[in-house]
There are 2 protein chains.
Amino acid sequence: MFENQQPIQKDKLHDQVYDRLCTLLREGEFTPGQAVPVSKVAKAFGVSAMPVREALTRLLAIGVLANVSGRSVGVPVLGYDELTDLRNVRLEIESLAVRWAVKNCDKAFLAEIDDLLGRLEKTEQSGDIAAYIKTNYEFHLRLYQQSRSPVLTEVIDTLWLRVSPHLYQLEKEDQYKVSNIHHRKIVESIHRGDADAASEALIADLSDAYEVLVRMLFQTEST
Amino acid sequence: MFENQQPIQKDKLHDQVYDRLCTLLREGEFTPGQAVPVSKVAKAFGVSAMPVREALTRLLAIGVLANVSGRSVGVPVLGYDELTDLRNVRLEIESLAVRWAVKNCDKAFLAEIDDLLGRLEKTEQSGDIAAYIKTNYEFHLRLYQQSRSPVLTEVIDTLWLRVSPHLYQLEKEDQYKVSNIHHRKIVESIHRGDADAASEALIADLSDAYEVLVRMLFQTEST
DNA sequence: ATCCTTGATTCGTGATGACATTCTTCCGCT
DNA sequence: AGCGGAAGAATGTCATCACGAATCAAGGAT
C-alpha cells in the first residue's frame, strides 16, 4: 500500500492562473490577434505578475499562445494553411484515439459516454451555447481518455486548446445542431464495437466544424 | 514585398537557455530522477535565475521535465507502462509523418536524406556515439519535416525530447549498428515512393530501440 | 490633410529579495 | 546500532523593481 503514491501537489498560484486561463480560452474569451498583457491578467485575477508570467509561458510553450506583435503574446491569428494543418493532424490523432477507446471499451465507459451524450442533447435543446461547448469538450475528452494513453490524451488536449478560441466563433452558426448527429453516431458505433464507424463519425464531426469555420473566416477575403 | 515578414525575434536569454537545455537533454546529460535546480543551471550558464526558471517552465509544460521530488524538477523516471505508451504513440504518429513525407517527396528532400544517411553510416563506422545520436536526430527530424505539417513535426519533436534522455542509455549497446539497417530501408522505400514500406521500416527502427531499452531497464527488476 | 517625428506610456525581460517549504545532516533517544 | 526528530541549508515561489524596447499619441512639417 502507498507504494505508488504521487506527492500531493498543492495548487500553486501559477497553476490556478493557468487553469483559469485555459477555461477562458475554451470559452472563447480571447479574440485571436488581441494581446494578453501580463499586467491586465494579474490585475483581473488579483495576483502579482509572476504567476501570470509563468502561466503564459506555459501556454506559449505548448503553442496555444504566440507572439502577436513584437512584445505581446496572445492567441495567434490562424491562416488557412495553419487551420488546415491543425485539422489534418487532429483528424488522424483523434480518430486514432477513438479506435483505441473502442478497444478499451467497458461498462463504466459506456455509461459515462451515454450520460454525456444525453447532456449534450439536453443543452442543444436549451440553446445554452456556453454549456454546450463545455459539455462537448467533456464528451470528447472522455472519449479520448478511454484510449488509456496519457500521452495521446495530452497531445489532443493541447490541440483542442489551440483551436478552441477559433472554434468558439461558431456559436453564431447552428453548427452544434448537426454536430450532435455525429456524436450520436459515434456513441452508437462504440456500442457496436465498430471502431471504423466510430472514427468515421468523429472525422465527420471535426470536418464539419472545420468547413463551417473556414467558410466563415475566409469567405470575405477571397472576393 | 515584405507583407508577410515576421518581426525578427531577438534571442532572448531564456530562449538561449532553453535551447542549451534541449541540446543537453538530447545528448543525455541528464540522469532521470536527478533534480535540475535552477540555481545550479543559472551558475553554470552564467545567467540569473529568471531565464532559467522560464526555460524549465517551458520544458515542464511540454512534459519533458516533471516534478521528481516535492519541489525539484528533473527528467522523470519512466516506468514500463509510460515507456510503452510513449512507444505506441510514437509508432503511430511518426509513421504517419513518414507516410505524409513520402507523398511530399521531392528532389531536394531525396538529396538531403541521402546525405544524412551517408553521414549516419560514416559516424557509425567512426564509432563517435555523440555524433551518431546527433545525426540520427537530424535524419529523423528531416524526415518528419517533409510531412509539411508544422503541427505534426512539433508534436513529434516534443515526444523525442521526452524519450531522448532515456534512449541515450543505449549508447553502451550496439543498437546503433542495427538501427542503420532500418534507416537504409526507410530511404530506399522513399526512393521507390513506397509509403507503407517506409513506415514499416520506421516502426521497426523505433521498436528495436524500445525493445533494447526495456530489456536494459527492467531485466533486473523482474527477477 | 497626410505623413513623419518625438515624447509619453505601456509592457516584457531580467535581477534581486523575502518567505515558505523541503531536504539533509547530525545529534539524541530507544 | 537503528530510528526519529530538530536545526540548518538548499530551493522553489511569489513580489517588486530597474531597464529597455515597443506602442501610441500628439504636434509639427510638407
Side-chain angles (χ1 to χ4, degrees), chain A residues 2 5-22 24-25 30-77, chain B residues 1-22 24 30-77:
Chain A
F2 295 134
Q5 279 298 322
Q6 302 289 341
I8 294 176
Q9 281 299 327
K10 315 211 177 75
D11 263 17
K12 316 271 183 189
L13 227 35
H14 67 258
D15 280 324
Q16 299 180 39
V17 173
Y18 181 79
D19 288 340
R20 284 183 65 172
L21 285 175
C22 284
L24 291 176
L25 281 164
F30 293 92
T31 305
Q34 191 183 15
V36 180
V38 173
S39 54
K40 299 281 171 58
V41 179
K43 209 166 289 178
F45 287 7
V47 296
S48 109
M50 206 53 149
V52 177
R53 266 180 75 178
E54 208 154 324
L56 292 181
T57 299
R58 287 166 64 181
L59 290 170
L60 212 45
I62 62 177
V64 174
L65 298 184
N67 288 352
V68 291
S69 96
R71 64 177 173 187
S72 311
V73 300
V75 175
V77 178
Chain B
M1 193 186 287
F2 296 132
E3 314 78 46
N4 282 349
Q5 280 299 321
Q6 303 290 340
I8 295 176
Q9 282 301 326
K10 316 208 178 79
D11 264 16
K12 317 272 184 187
L13 227 33
H14 67 257
D15 280 323
Q16 299 180 37
V17 173
Y18 180 80
D19 288 340
R20 285 184 63 174
L21 285 176
C22 284
L24 291 176
F30 294 92
T31 305
Q34 190 183 16
V36 181
V38 173
S39 54
K40 299 282 172 57
V41 179
K43 209 167 289 179
F45 286 6
V47 296
S48 105
M50 204 54 158
V52 176
R53 214 179 134 69
E54 209 154 325
L56 291 182
T57 299
R58 287 165 65 180
L59 290 170
L60 213 43
I62 62 178
V64 175
L65 299 184
N67 289 348
V68 290
S69 91
R71 65 178 172 188
S72 310
V73 300
V75 175
V77 177

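Order of the sequence lines fixes the chain letters, A, B, ..., with proteins taken first and strands second; residue numbering starts at 1 for each chain.
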Apply side-chain contact (heavy atoms from CB on, under 4.5 Å) to the pair L60(B) and R58(A), showing each step before the final yes or no. CA-CA 8 Å; L60(B) 213 43; R58(A) 287 166 64 181; over 6 Å; no
In whole angstroms, how far is the P atom of dC11(C) from the CG atom of L65(A)? 16 Å
Starting at the 5' end of nucleotides 12-20 of chain D, put B wherever the base has a protein heavy atom under 4.0 Å, S where only the sugar-phosphate does, and a dash everywhere else. SBBBB----
Set out, in order, the CA-CA distance, both residues' side-chain angles and the distance that settles side-chain contact (heavy atoms from CB on, under 4.5 Å) for R53(A) and L56(A), then state yes or no. CA-CA 5 Å; R53(A) 266 180 75 178; L56(A) 292 181; 5.9 Å; no
Report yes if at least one side-chain N or O of K40(A) is closer than 4.0 Å to OP1 or OP2 of dC11(C); otherwise report no. yes
CD-OG1 distance between E54(B) and T57(A), expressed to the nearest 0.5 angstrom: 4.0 Å
Spacing of OH belonging to Y18(B) relative to CG belonging to D11(B), to within rounding of 0.5 Å: 13.5 Å
Measuring from F30(A):CZ to L21(A):CG, what's the distance to the nearest 0.5 Å? 5.0 Å
